[in-house]
Amino acid sequence: SQGRERSVTRRTIEFAALDETARDRWVRTLSLLCGPGVMAGSAGQATRSASDASSARTSSRTSSEDLDEGSAVARYYGVPLADVSMMEEGGSGLRVPAVLLCLWDELVARPEAEGLGSEGIFRLSADQSEVSSVKQALEQGQGTAAVTGASSQCVAALIKLYLRSLPDDLWSGVRPQLEALASGGGEQPPVLEQQAKAQAVIDQMPRLCADLVIWVCNVMATVVAKEGSNRMGIEAAATVFAPGLVPPPPGDDLSALMLWTDKGVEVTALLARAHMAKPLRPDSADGTDLTGPGADGPEVVAGEAQAEA
């Protein structure tokens, strides 16, 4: 229908288990999440076209047997990044948890006034009973069927909830460098200088952590690009994403946690500005070009950001 067309991208889903039986279970589960266009490859991978997503919404309701089998493995929230199914964002090479792309695709596909352009998107609170219900449906393997009828505030809240629920410390090993980004005081250095410092931190992070951080920066950039309608500037976006993107360091020091609140927002805003000035990229020191020519981020994100510029 009008307003829900999607750009065609190709995504790769990685599996933790490579034997055929386990792979088949993953494919069945991910077909519930991503649509019927999922198919297994000989190397233990599955691919899908984003153009399949719209047809997935009209697919028949899954049987109770499929839901029962899917629910055994379809747990997404609170699971370490190394243990969840990942999807490779077409063109950018970023590997992101599949459930995040399912939620983001839903939000992007909606008419602007109801989705990313709606006032206060990601800032306004969602109904907690709706969030709990849709989250449960996702983890029972209902996938796109679970989010199609959800409010945009609920879909946005589920993205933020996923980040806050991560057991991983995305910044483990680079906390001092992360804090140094916002400890200059006084006049802020030029944004490209900040970008270079942020990129240096990203380069030291594990690949999955770096990919997720950059993906969130893409999301913030897309939201901020629609500030004229959604009233979400960089500071507003940083405020709502900071608790999940740069949570306080692990520990029980209450005073340190309180002090971190403002610093977390400051660091998140810095990362967003740096990424918007010059896209941050995952470390490719292994010699593999995982970003592709001209790929500044997920295609739908880069395209919308440029359109709004």
Side-chain angles (χ1 to χ4, degrees), residues 80-82 86 88-89 92-97 100 159-160 162-224 234-251 253 256-257 259-292 295-298 301-302 305:
L81 287 177
M86 309 294 288
E88 185 174 292
E89 189 74 43
S92 72
L94 298 177
R95 292 169 292 179
V96 182
L100 283 181
I159 292 175
K160 295 186 296 180
Y162 183 91
L163 297 172
R164 293 198 307 271
S165 301
L166 273 176
D168 308 79
D169 178 9
L170 297 177
W171 307 96
S172 178
V174 294
R175 280 279 177 179
Q177 296 91 320
L178 178 68
E179 295 185 31
L181 290 177
S183 62
E187 186 177 348
Q188 290 293 323
V191 67
L192 288 180
E193 181 180 331
Q194 291 181 319
Q195 195 278 345
K197 292 179 179 178
Q199 183 66 67
V201 176
I202 295 290
D203 288 344
Q204 299 176 61
M205 298 174 67
R207 179 59 195 264
L208 287 181
C209 296
D211 281 7
L212 184 55
V213 168
I214 295 172
W215 184 82
V216 174
C217 287
N218 275 325
V219 169
M220 288 193 290
T222 304
V223 172
V224 171
I234 289 180
E235 293 298 330
T239 299
V240 297
F241 278 101
L245 183 62
V246 286
D253 188 336
L257 295 179
L259 289 172
W260 181 259
T261 301
D262 290 339
K263 176 162 282 192
V265 173
E266 184 180 356
V267 170
T268 303
L270 186 150
L271 289 170
R273 288 192 180 94
H275 183 70
M276 293 171 71
K278 181 180 179 182
L280 298 167
R281 298 181 183 276
D283 179 30
S284 298
D286 59 0
T288 304
D289 182 6
L290 294 168
T291 56
D296 293 341
V301 172

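Excluded from the calculations below are hydrogen atoms, water molecules and symmetry mates; all remaining heavy atoms, backbone and side chain alike, are included.
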Engineer: For the CD atom of Gln194 and the NZ atom of Lys278, what is their distance to the nearest 0.5 Å?
Structural biologist: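 If we round to the nearest 0.5 Å, Gln194:CD and Lys278:NZ are 14.5 Å apart.
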
Engineer: Which residues pass the side-chain contact (heavy atoms from CB on, under 4.5 Å) test with Pro80, sequence neighbours left out?
Structural biologist: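 So Pro80 forms a side-chain contact (heavy atoms from CB on, under 4.5 Å) with Asp83, Pro167, Asp168.
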
Engineer: Return each pair, listed once, that meets salt bridge (Lys or Arg N to Asp or Glu O under 4.0 Å) where at least one residue sits in residues 188-199; pairs must be two or more places apart or across chains.
Structural biologist: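 Qualifying pairs, neighbours excluded: Glu193-Lys197.
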
Engineer: Can you name the residues that form a salt bridge (Lys or Arg N to Asp or Glu O under 4.0 Å) with Lys160, not counting sequence neighbours?
Structural biologist: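 So Lys160 forms no salt bridge (Lys or Arg N to Asp or Glu O under 4.0 Å) with any residue.
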
Engineer: Nearest 0.5 Å please: distance from the CD atom of Glu88 over to the CG atom of Asp211.
Structural biologist: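 If I round to the nearest 0.5 Å, the distance is 8.5 Å.
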
Engineer: Would you name the heavy atoms of Val224 and Ala237 that are closest together and state the gap between them?
Structural biologist: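 Taking every non-hydrogen atom into account, CG2-CB, 3.9 Å.
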
Engineer: With sequence neighbours excluded, what pairs up with Ala196 under the side-chain contact (heavy atoms from CB on, under 4.5 Å) test?
Structural biologist: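 Checked Ala196 against side-chain contact (heavy atoms from CB on, under 4.5 Å); zero matches.
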
Engineer: May I ask you to test the Glu266-Leu181 pair for a side-chain heavy-atom distance under 4.5 Å?
Structural biologist: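 A side-chain contact under 4.5 Å is absent here.
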
Engineer: Judged by atom type as modelled, is there a donor-acceptor pair below 3.5 Å linking the side chain of Trp171 to the main-chain atoms of Cys209?
Structural biologist: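 It does not hold such a pair.
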
Engineer: If we only count heavy atoms from C-beta on, is the Pro97 to Leu212 side-chain gap below 4.5 Å?
Structural biologist: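 A side-chain contact exists here, since the closest heavy-atom pair is under 4.5 Å.
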
Engineer: Please list, chain by chain and in numerical order, all residues satisfying side chain to side chain donor-acceptor pair (under 3.5 Å) with Gln195, sequence neighbours excluded.
Structural biologist: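 Per chain and number, Gln195 pairs via side chain to side chain donor-acceptor pair (under 3.5 Å) with no residue.
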
Engineer: Among residues at least two apart in sequence or on other chains, which ones pass side-chain contact (heavy atoms from CB on, under 4.5 Å) with Pro248?
Structural biologist: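 Expected list: Leu257, Trp260.
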
Engineer: Could you list all the salt bridge (Lys or Arg N to Asp or Glu O under 4.0 Å) pairs where at least one residue sits in residues 235-244, not counting sequence neighbours?
Structural biologist: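 Counting only pairs at least two positions apart or across chains, the salt bridge (Lys or Arg N to Asp or Glu O under 4.0 Å) contacts touching residues 235-244 are Glu235-Arg273.
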
Engineer: Which pair of non-hydrogen atoms, one from Ala277 and one from Leu192, has the smallest distance, and what is that distance?
Structural biologist: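 Heavy-atom minimum between the residues: CB-CD2, 4.2 Å.
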
Engineer: What heavy-atom pair brings Pro249 and Glu179 nearest, and what distance separates the two atoms?
Structural biologist: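 Pro249 and Glu179 have their closest heavy atoms at CG-OE2, 4.2 Å.
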
Engineer: If you round to the nearest 0.5 Å, how far is CG of Leu178 from CG of Leu271?
Structural biologist: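 Going from the CG atom of Leu271 to the CG atom of Leu178 covers 7.0 Å.
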
Engineer: Test of understanding: with side chain to side chain donor-acceptor pair (under 3.5 Å), list the residues that count as partners of Arg175, not counting sequence neighbours.
Structural biologist: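 For Arg175 the side chain to side chain donor-acceptor pair (under 3.5 Å) partners, ignoring immediate neighbours, are Asp169.
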
Engineer: So Arg164 and Pro247, do their side chains get closer than 4.5 Å, heavy atoms only?
Structural biologist: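 Pro247 vs Arg164: side chains apart.
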
Engineer: Nearest 0.5 Å, what's the CD-CD1 distance between Gln177 and Ile202?
Structural biologist: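 Atom-to-atom, Gln177:CD and Ile202:CD1 are 11.5 Å apart.
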
Engineer: For the residue pair Leu245 and Leu170, what are the closest heavy atoms and their distance?
Structural biologist: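 Distance-wise, the nearest heavy atoms are O-CD1, 4.1 Å.
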
Engineer: Return the minimal non-hydrogen interatomic distance between Pro243 and Val240, and the atom names on each side.
Structural biologist: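 Heavy-atom minimum between the residues: CD-O, 3.6 Å.
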
Engineer: Measure the CG-CE distance between Asn218 and Met276 for me, rounded to the nearest 0.5 Å.
Structural biologist: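 Answer for the CG-CE pair, Asn218 versus Met276, is 11.0 Å.
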
Engineer: First locate atom CG of Leu81, then atom CZ of Arg207, and finally report the distance between them rounded to the nearest 0.5 Å.
Structural biologist: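 The distance works out to 13.0 Å.
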
Engineer: Taking all atoms of both residues into account, what is the closest heavy-atom pair of Gly264 and Val246, and its distance?
Structural biologist: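 Heavy atoms only, the tightest pair is O-CG2, 3.2 Å.
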
